[in-house]
Amino acid sequence: MALTGRAALLAALGSLPVGLWEPGWAGLLAVNAPLAVACACDFALAAPVRRLGLSRSGDTSVRLGDSADVTLTVTNTSGRPLRARIRDAWPPSSWQPGTEVAASRHRLTVPAGERRRVTTRLRPTRRGDRRADRVTVRSYGPLGLLARQGTHDVPWTVRVLPPFTSRKHLPSKLARLRELDGRTSVLTRGEGTEFDSLRAYVPGDDTRSIDWRATARQSAVAVRTWRPERDRHILLVLDTGRTSAGRVGDVPRLDASMDAALLLAALASRAGDRVDLLAHDRRLRALVQGRSAGDVLPSLVNVMAVLEPELVETDARSLTATALRTAPRRSLIVLFTTLDAAPIEEGLLPVLAQLTQRHTVLLASVADPHLARMSNARGNTDAVYEAAAAAQAQTERDRTAEQLRRHGVTVVEATPDGLAPALADAYLALKAAGRL
């Protein structure tokens, strides 16, 4: 039960003549008794809240940054018309800041025995599952003096997926892949180490590509053409430890790594390679394995949606052992982690040989563009100290990267916006060089 502002206003207006002409209990009773009777009648004529039927339909997933519409169907099973205000409650991160009140509150009139629909538009600001909270209904009578109020649990979940902003780079990377594979209109010989076909020799061809057996069977000299290897295994390893929680610009490192991983997965699956995903810190957080080319990207996006950084130190030995079990034969292992000296030198380097002796290892790290801005700062004492600190930090990262390269690891470091295309280029370079 809820008293409306209209009833309070009438009571306040009625108290004025009482105070002027008839102060006392008799005057108060003369004003408030009719108002109380009117409120009671209004309450009795309001449609009951508990007997309402509520159900949901609409979107169950949405990319971060897009909108999702969830429809609430209200069925009035009583014999009285429903005049209601409805609050459809969701977690605060389901809307842009400041828009919750306008998006979650609705006015609704439902005649007796009928149903109506209202739509709540969500625009989430974070990845993950957003679960609907209670629906609060306030049912008013015809006078609008006193309202019935109650809540209903109407469960619904909207999964907020990673935005995959780097998909804009996919067409250009696919064009490069087709060029490597010898399937573009540009008449260039395909690179790689997997045999493709035979063709006639032309001056300028590498004599090492001549197929002498095929030449002996025909009158012309035949050469082999090659294409990048297909059906190779790529294991994407996301480090979800404490270093992945650091924010670079407006996004956590983990989100930037996910975006780069999605672009590489889309490119590799189009190239005919098999892609798996492993997320690990002290224990296994997620595993996507054995998906077909058409199903791998939706599976990765769905799993990544609920991944969050854990504020614990990553167990490099456990991560390495899990990666080796997941990739039993030679593979490209792409490790998304930090280039900070301590986690690499104390955690990864002691176990790195177990990976590099069996697999090709590529490490992708998110660089902080703020370091570059700090290193260029001048003008006062504070700016000079900031520039020195940024230069020292970058020197340590460069030294760590050089240590990894000496162990045979390909290192890719770029800002959040540049990591995805840089990683795709590194993958294509490895494929063209026949190192996968």
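- Taking a cutoff of 4.0 Å between a charged side-chain nitrogen and a carboxylate oxygen, Arg399 and Glu345 qualify as a salt bridge.
- Of the options Arg87, Arg121, Arg123, a salt bridge (Lys or Arg N to Asp or Glu O under 4.0 Å) to Glu100 is made by Arg87 and by none of the others.
- Each of Asp59, Val160, Asp66, Val158 was checked for a side chain to side chain contact (heavy atoms under 4.5 Å, CB included) with Leu122, and the lone residue meeting it is Val158.
- With rounding to the nearest 0.5 Å, the separation of CH2 in Trp95 from OG in Ser104 is 4.5 Å.
- Between atom CG of residue Leu287 and atom CG of residue Asp276 there is a gap of 7.0 Å, rounded to the nearest 0.5 Å.
- Heavy-atom contacts from other residues, nucleotides or ligands closer than 6.0 Å to CZ of Arg406 number more than 12.
- With rounding to the nearest 0.5 angstrom, the CZ atom of Arg115 is 13.0 Å from the CG atom of Leu108.
- For the 3.5 Å distance criterion, the side chains of Arg330 and Thr360 qualify, holding a donor opposite an acceptor.
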Stepwise side chain to side chain contact (heavy atoms under 4.5 Å, CB included) check, Leu430 with Thr410: CA-CA 9 Å; Leu430 290 173; Thr410 301; 4.3 Å; yes

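- Ser269 approaches Val275 most closely through the heavy-atom pair N-CG2, 4.3 Å.
- Across all non-hydrogen atoms, the minimal contact from Gln96 to Pro124 is NE2-O, 4.4 Å.
- For the pair Ile234/Tyr427, a side-chain contact is recorded, criterion being any heavy-atom separation below 4.5 Å from C-beta on.
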Side chain to side chain contact (heavy atoms under 4.5 Å, CB included) between Asn302 and Ser299, intermediate numbers included: CA-CA 5 Å; Asn302 191 56; Ser299 300; 5.9 Å; no

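- Between Leu419 and Ala256 the shortest heavy-atom distance is CD2-O, 4.3 Å.
- Atom CG of Asp340 is separated from atom CZ of Arg397 by 5.5 Å, given to the nearest 0.5 angstrom.
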Stepwise side chain to side chain contact (heavy atoms under 4.5 Å, CB included) test for Val62 and Leu161: CA-CA 6 Å; Val62 62; Leu161 307 174; over 6 Å; no

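- Under a cut-off of 6.0 angstrom, the local environment of CZ in Arg105 is crowded, with over 12 non-hydrogen atoms contributed by other residues, nucleotides or ligands.
- Of the possible donor and acceptor atoms, one in the side chain of His359 sits under 3.5 Å from a partner among the backbone N and O of Ser331.
- Looking at Arg242 and Glu313, a side-chain N of the basic residue comes within less than 4.0 Å of a carboxylate O on the acidic one, giving a salt bridge.
- At a threshold of 4.0 Å, the pair Asp425-Lys173 counts as salt-bridged, since one of the basic side-chain nitrogens sits closer than that to a carboxylate oxygen.
- At most 12 non-hydrogen atoms from other residues, nucleotides or ligands lie less than 6.0 angstrom from CZ of Arg134.
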Side chain to side chain donor-acceptor pair (under 3.5 Å) between His152 and Thr136, intermediate numbers included: CA-CA 7 Å; His152 292 259; Thr136 302; over 6 Å; no

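- Heavy atoms only, all atoms of each residue included: Ser244 and Pro252 are closest at O-CB, 4.0 Å.
- The environment of Glu346 atom CD is sparse: at most 12 non-hydrogen atoms of other residues, nucleotides or ligands sit within 6.0 angstrom.
- Asp239 is linked by a side chain to side chain donor-acceptor pair (under 3.5 Å) to Thr314, Thr337, counting only residues two or more places apart in sequence or in another chain.
- Judged purely by distance below 3.5 Å, without hydrogens or angles, the side chains of Thr120 and His106 pair a donor atom with an acceptor atom.
- Every side chain to side chain donor-acceptor pair (under 3.5 Å) that Asp281 has, sequence neighbours left out, goes to Thr240, Arg285.
- Applying the side chain to side chain donor-acceptor pair (under 3.5 Å) criterion to Asp129, with sequence neighbours excluded, gives Arg159.
- Here the side chain of Arg358 pairs a donor or acceptor atom with the backbone of Pro328 at under 3.5 angstrom.
- Results of the side chain to side chain contact (heavy atoms under 4.5 Å, CB included) test with Leu278 over Val288, Leu236, Leu284 single out Leu284 as the only residue that passes.
- Residues Pro142 and Arg83 form a side-chain contact, since some pair of their non-hydrogen atoms from C-beta on lies under 4.5 Å apart.
- Across all non-hydrogen atoms, the minimal contact from Val248 to Pro369 is CG1-CD, 3.6 Å.
- Distance check, rounded to the nearest 0.5 Å: CG of Leu348 to CG of Leu404 gives 6.5 Å.
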From CA spacing to verdict: side chain to side chain contact (heavy atoms under 4.5 Å, CB included), Leu263, His169: CA-CA 8 Å; Leu263 179 63; His169 300 289; 4.1 Å; yes

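- Across every non-hydrogen atom of Asn76 and Ala112, the tightest pair is ND2-CA, 3.6 Å.
- Among pairs with a residue in residues 252-267, those fulfilling salt bridge (charged side-chain N to carboxylate O under 4.0 Å, His left out) read Arg127-Asp255, at least two apart in sequence or across chains.
- Counting only distance, with no hydrogens or angles, the side chain of Thr119 and the backbone of Thr71 share no donor-acceptor pair below 3.5 Å.
- Formation of a donor-acceptor pair under 3.5 Å by the Arg148 side chain with backbone atoms of Ala46 is found in this model.
- Using modelled atom types and a 3.5 Å distance limit, the side chains of Arg283 and Ser318 yield no donor-acceptor pair.
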Could you tabulate the donor-acceptor pairs under 3.5 Å formed by side-chain atoms of residues 50-57, not counting sequence neighbours?
unit_1: Arg50; atom_1: NH1; unit_2: Thr151; atom_2: O; d: 3.3
unit_1: Arg56; atom_1: NE; unit_2: Val154; atom_2: O; d: 2.6
unit_1: Arg56; atom_1: NH1; unit_2: Asp88; atom_2: OD1; d: 3.3
unit_1: Arg56; atom_1: NH1; unit_2: Asp88; atom_2: OD2; d: 3.0
unit_1: Arg56; atom_1: NH2; unit_2: Asp88; atom_2: OD1; d: 2.8

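- For Arg126, the CZ atom sits in a loose shell: 12 or fewer heavy atoms of surrounding residues, nucleotides or ligands are nearer than 6.0 Å.
- With sequence neighbours excluded, no residue forms a side chain to side chain donor-acceptor pair (under 3.5 Å) with Arg85.
- At most 12 non-hydrogen atoms from other residues, nucleotides or ligands lie less than 6.0 angstrom from CD of Gln392.
- Within a 6.0 Å radius of CZ in Arg317, other residues, nucleotides and ligands contribute 12 heavy atoms or fewer.
- Here the side chain of Asp315 pairs no donor or acceptor atom with the backbone of Leu319 at under 3.5 angstrom.
- The number of heavy-atom neighbours closer than 6.0 Å to CZ of Arg117, taken from other residues, nucleotides and ligands shown, is 12 or below.
- Side-chain contact annotation: Asp417 with Thr415, donor-acceptor N/O pair under 3.5 Å absent.
- Not a single donor-acceptor pair under 3.5 Å links the side chain of Arg217 to the backbone N or O of Thr215.
- Between the side chains of His233 and Asp273, no donor N or O sits under 3.5 Å from an acceptor N or O.
- For the side chain to side chain contact (heavy atoms under 4.5 Å, CB included) criterion with Leu339, the lone passing option out of Val411, Val366, Thr243 is Val411.
- With rounding to the nearest 0.5 angstrom, the CD atom of Glu413 is 7.0 Å from the CG atom of Asp398.
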